[in-house]
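Beneath this line is the structure, given in structure tokens, with notes to follow.
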Amino acid sequence: MTLTKRLLLLALISVLPAIVIWTYTEVSLRRAREAEVNDLAIRQAQLVSAELERIFDGVQGLLLAIDETRSIRTFDTPVCSPYLKAVQEKVPYILSIVAMDISGHIRCRPTGTVDTRYYYADRPYFHNALGQKGFVVGEYTPAFEEGGIGPHPVLPLALPIWNDRGDVVGVLAAALDLRWLGQKLKERTVPENGSVTVADRNGIVLVQEPQPERFLGRLLPPEFLAQARAGEAITAQSAIPDGVRRVLAHVPLQLPPRDIYVNVGLSTKAAFASINQAARRGFMLITAALILALSLSALLSRAFITKPFEMVTDGIQAWRRGDYKARIALPRKSGEFSILAKAFNDLMDDVAERQQALQVSEERARLALEAGHMGTWWYDPDKNAGGWSPQAAAIIGLPEAMATMNPKDWLGILHPEDADRVVEKWRTAVRSRGDYEDEYRIRRSKGDIRWISSKGRVFLDTQKRPVYFVGILHDITEQKHAEEQQRFFLNELNHRVKNTLATVQSIASQTLRTTETPGQFREAFEGRLLALSKTHNLLTRQSWREAELRDVAEQELAPYRKAGDERVVLDGPDVKLPARYAINLGLVLHELVTNAAKYGALSTNAGHLEVAWSVVESEDRPKQLRIHWSESGGPPVAPPKRQGFGSRLIRRSIEGELGGYMVLNFAESGVAYDISVPLTPPASAAA
């Protein structure tokens, strides 16, 4: 914690007793006010209950008076119906009064019409009145059909009807207007911003203020239902029903008036207005005192702490930026800061000398690393962070200014096939507490793959735990490519020597079968070896990659072509042949030239030979090399009686080795060959 913050903390602590006293006073006043408001809410709820009981007593007295009337007891409809109408008109909050016999049939009502086809013995108030033999409060009724009135929310109040002998002969019921009841309670008992809720024994809302149209006739919320079944009057805070926070006093069903639930709410905002206002005043006074104390502390800390400290830090920052001549100059009366400044100045003198020596050493190391295409890296396990030198960043393919990297990002540039092995080797170096060395591949941002050789060392603390890693990395991509190319050339040389020996063996075996004397064998064998050798010479000049078809044809026909002689004509575009194509077509041309020199157009001075080729391309087939060999002017030709080795060699080379086909035509003018081979061989032929 800084000195300024400590000074501000002391200022805050000095105001803390006042905050504690204010908080204690506020809590005490609020608790006392809560008890007072709870008691007031209960008294208000009891007032609503008393008002309801007064209304019910009035209705009960009215029903008792009506019950004493003889026309009611005898169900004299012509007399009792006008009587009830007259009574109902004098009591406007009673919408209807009906007299029913013991079976539930309507015998008297203000409308004067009596229909004994229907009976209302299923009404709950009817059963309760007969069962209790006294005054009962019914349940919420949306339409008092027995009274002959339309849909209108009412609360039935009922009393048994006794005859002159004291027997119960029916039920007298009055429909109390709930809208009138709600307005009456609102005027007499609901305080400002308060609420009142009245419900029957089933939890159906009879009266609700505010928003009566929203809740009238609906079931109480679960929170209120639980309070309605409680054993005593209680209070609680709630925002039901309209979202205004209130203190609610609940009078359960079992307290008077029985079977009626009442709750009354007092607005907490209005109830605690005076306390909240006093609390705001106290808070503002304490805040002002706190701001004053903190402001004075800040001014003092600026003069005696912050300014000297900034002078010290400015000197240090200048030194870090490379100004090694920067020093800290404080007034003599700066106290402890003067001692601190002198210590820093002495330290800077020593560090400046060492920094100069270190720069010389680092420059030498940098030149050595650049000459060897190497860079340095480091990793701090406590901070889980690592990085590298600009030379290493350039090798990895990152900007040289990017000197740090998260280990997860480093794992992201490793080649997926090497990542697990690299991590395991790293862990092995940590477990063995020794040196680290590995070679692996990375994927640079441009998508190219590079080979890296990395060496490092693990530094441990006194408890043998790794605390720092440092090492160098070297780009060995060119070395790996050279090794790979060397292996490739060795494998290629081995393969070609084997193929050449197999070809020579096959030529010797077949030539031996088709010659009768050693002289013939020698002549044929040497000619074929010479053709194979010439083709090899062409491929050697091109590093065994490819050869021109024209060069292969010219070297085979060279002995039969003279300057100015038009006997042999070569015609075709430049076509580069892969090594395997050049060897096979060289042997084919050698056999064709040999046959033409012995038996065909090249055996006479009048003979003529034309060799033409072309490349044909199409969308559904690979490129085709078409060669047309045409002889004329030689001795008459005829199909041979048997096929010699030369013919078999030609057909095997074209159709077997190169996957093509050939057509041989023995015309009267001379023999002709049409040869076609794919320049992009199918997989079977390439194999």
Side-chain angles (χ1 to χ4, degrees), residues 51-185 200 206 257 259-260:
E51 181 69 16
L52 286 173
E53 201 160 8
R54 186 187 65 80
I55 294 173
F56 292 162
D57 288 344
V59 175
Q60 182 180 6
L62 177 64
L63 293 180
L64 286 172
I66 295 174
D67 193 22
E68 294 295 327
T69 305
R70 181 173 182 78
S71 61
I72 296 296
R73 291 188 172 190
T74 59
F75 300 118
D76 186 358
T77 301
V79 177
C80 64
S81 291
Y83 170 70
L84 291 180
K85 181 178 180 182
V87 172
Q88 188 268 327
E89 290 176 349
K90 292 181 174 61
V91 187
Y93 57 86
I94 300 297
L95 298 181
S96 180
I97 305 175
V98 296
M100 294 175 282
D101 60 21
I102 198 70
S103 299
H105 292 101
I106 302 298
R107 305 299 295 271
C108 303
R109 60 182 174 186
T111 58
T113 58
V114 176
D115 188 353
T116 58
R117 291 180 302 171
Y118 300 99
Y119 63 93
Y120 299 92
D122 59 340
R123 298 293 193 256
Y125 67 82
F126 189 91
H127 289 286
N128 292 337
L130 294 180
Q132 299 178 17
K133 291 184 172 55
F135 179 76
V136 295
V137 178
E139 302 170 355
Y140 172 82
T141 303
F144 194 64
E145 298 176 356
E146 50 267 53
I149 59 177
H152 195 97
V154 300
L155 178 65
L157 304 172
L159 186 73
I161 300 175
W162 290 272
N163 59 16
D164 295 337
R165 296 188 301 272
D167 299 326
V168 176
V169 296
V171 173
L172 186 64
L176 178 63
D177 186 356
L178 291 181
R179 294 176 181 171
W180 173 89
L181 181 62
Q183 186 64 28
K184 190 73 173 178
L185 293 179
D200 63 14
L206 303 175
D259 296 335
I260 294 295

- Query: Do Asp177 and His152 come within less than 4.5 Å of each other through their side chains, counting heavy atoms only?
  - Reply: yes
- For the residue pair Met100 and Ala173, what are the closest heavy atoms and their distance? CE-CB, 4.4 Å
- Task: Give the intermediate values and the outcome of side-chain contact (heavy atoms from CB on, under 4.5 Å) for residues Leu84 and Ile72.
- Result: CA-CA 9 Å; Leu84 291 180; Ile72 296 296; 4.0 Å; yes
- Note on the structure: OH of Tyr119 to CG of Asp101, rounded to nearest 0.5 Å, is 12.0 Å
- Query: Rounded to the nearest 0.5 Å, what separation is found between the CZ atom of Arg107 and the CD1 atom of Ile102?
  - Reply: 12.0 Å
- Task: Enter the distance from Ile97:CD1 to Leu63:CG here, rounded to the nearest 0.5 Å.
- Result: 6.5 Å
- Nearest 0.5 Å, what's the CG-OH distance between Leu181 and Tyr93? 11.0 Å
- State, with a plain yes or no, whether a side-chain heavy atom of Phe56 is found less than 4.5 Å away from one of Leu176. yes
- CZ of Arg70: more than 12 outside heavy atoms within 6.0 angstrom? no
- Flag side-chain contact, heavy atom, 4.5 Å: Asp76 against Tyr83: no
- Note on the structure: Minimal heavy-atom distance between Gly148 and Arg109, with the atoms involved, is N-NH1, 3.8 Å
- With a 4.5 Å heavy-atom cut-off, do Leu95 and Trp180 have their side chains touching? no
- Task: Start with the C-alpha gap between Leu155 and Tyr140, add the side-chain angles, then the distance that decides, and say whether side-chain contact (heavy atoms from CB on, under 4.5 Å) holds.
- Result: CA-CA 5 Å; Leu155 178 65; Tyr140 172 82; 5.8 Å; no
- Note on the structure: Heavy atoms of Cys108 and Phe75 approach each other most closely as SG-CA, 4.2 Å
- Query: Any idea which heavy atoms bring Ser71 and Val79 closest together, and the distance?
  - Reply: CB-CG1, 3.6 Å
- Task: Compare all side-chain heavy atoms of Phe144 with those of Val98 and state whether any distance is below 4.5 angstrom.
- Result: yes
- Taking the side chain as C-beta and beyond, is there a heavy-atom pair between Pro153 and Pro142 under 4.5 Å? no
- Ignoring hydrogens and geometry, is there a side-chain-to-backbone donor-acceptor pair from Arg73 to Asp67 under 3.5 Å? yes
- Message: Could you check whether any side-chain heavy atom of Leu159 comes within less than 4.5 Å of a side-chain heavy atom of Ile66, counting everything from C-beta outward?
- Response: no
- Query: Leu52 and Leu185: side-chain contact (heavy atoms from CB on, under 4.5 Å), yes or no, with the steps?
  - Reply: CA-CA 8 Å; Leu52 286 173; Leu185 293 179; 4.0 Å; yes
- Work out which heavy atom in Pro151 is nearest to a heavy atom in Ala143; give both atom names and the distance. CA-CB, 3.8 Å
- When rounded to the nearest 0.5 angstrom, what distance separates CD in Glu68 from CD1 in Ile161? 11.5 Å
- Query: Does some side-chain heavy atom of Pro110 sit less than 4.5 Å from a side-chain heavy atom of Ser96?
  - Reply: yes
- Asp167 side chain vs Val169 backbone, donor-acceptor pair below 3.5 Å: no
- Would you mind telling me which of Leu130, Asn128, Val171 makes a side-chain contact (heavy atoms from CB on, under 4.5 Å) with Val136? Asn128
- Distance-minimising heavy-atom pair for Ala129 and Pro160: O-CG, 3.2 Å
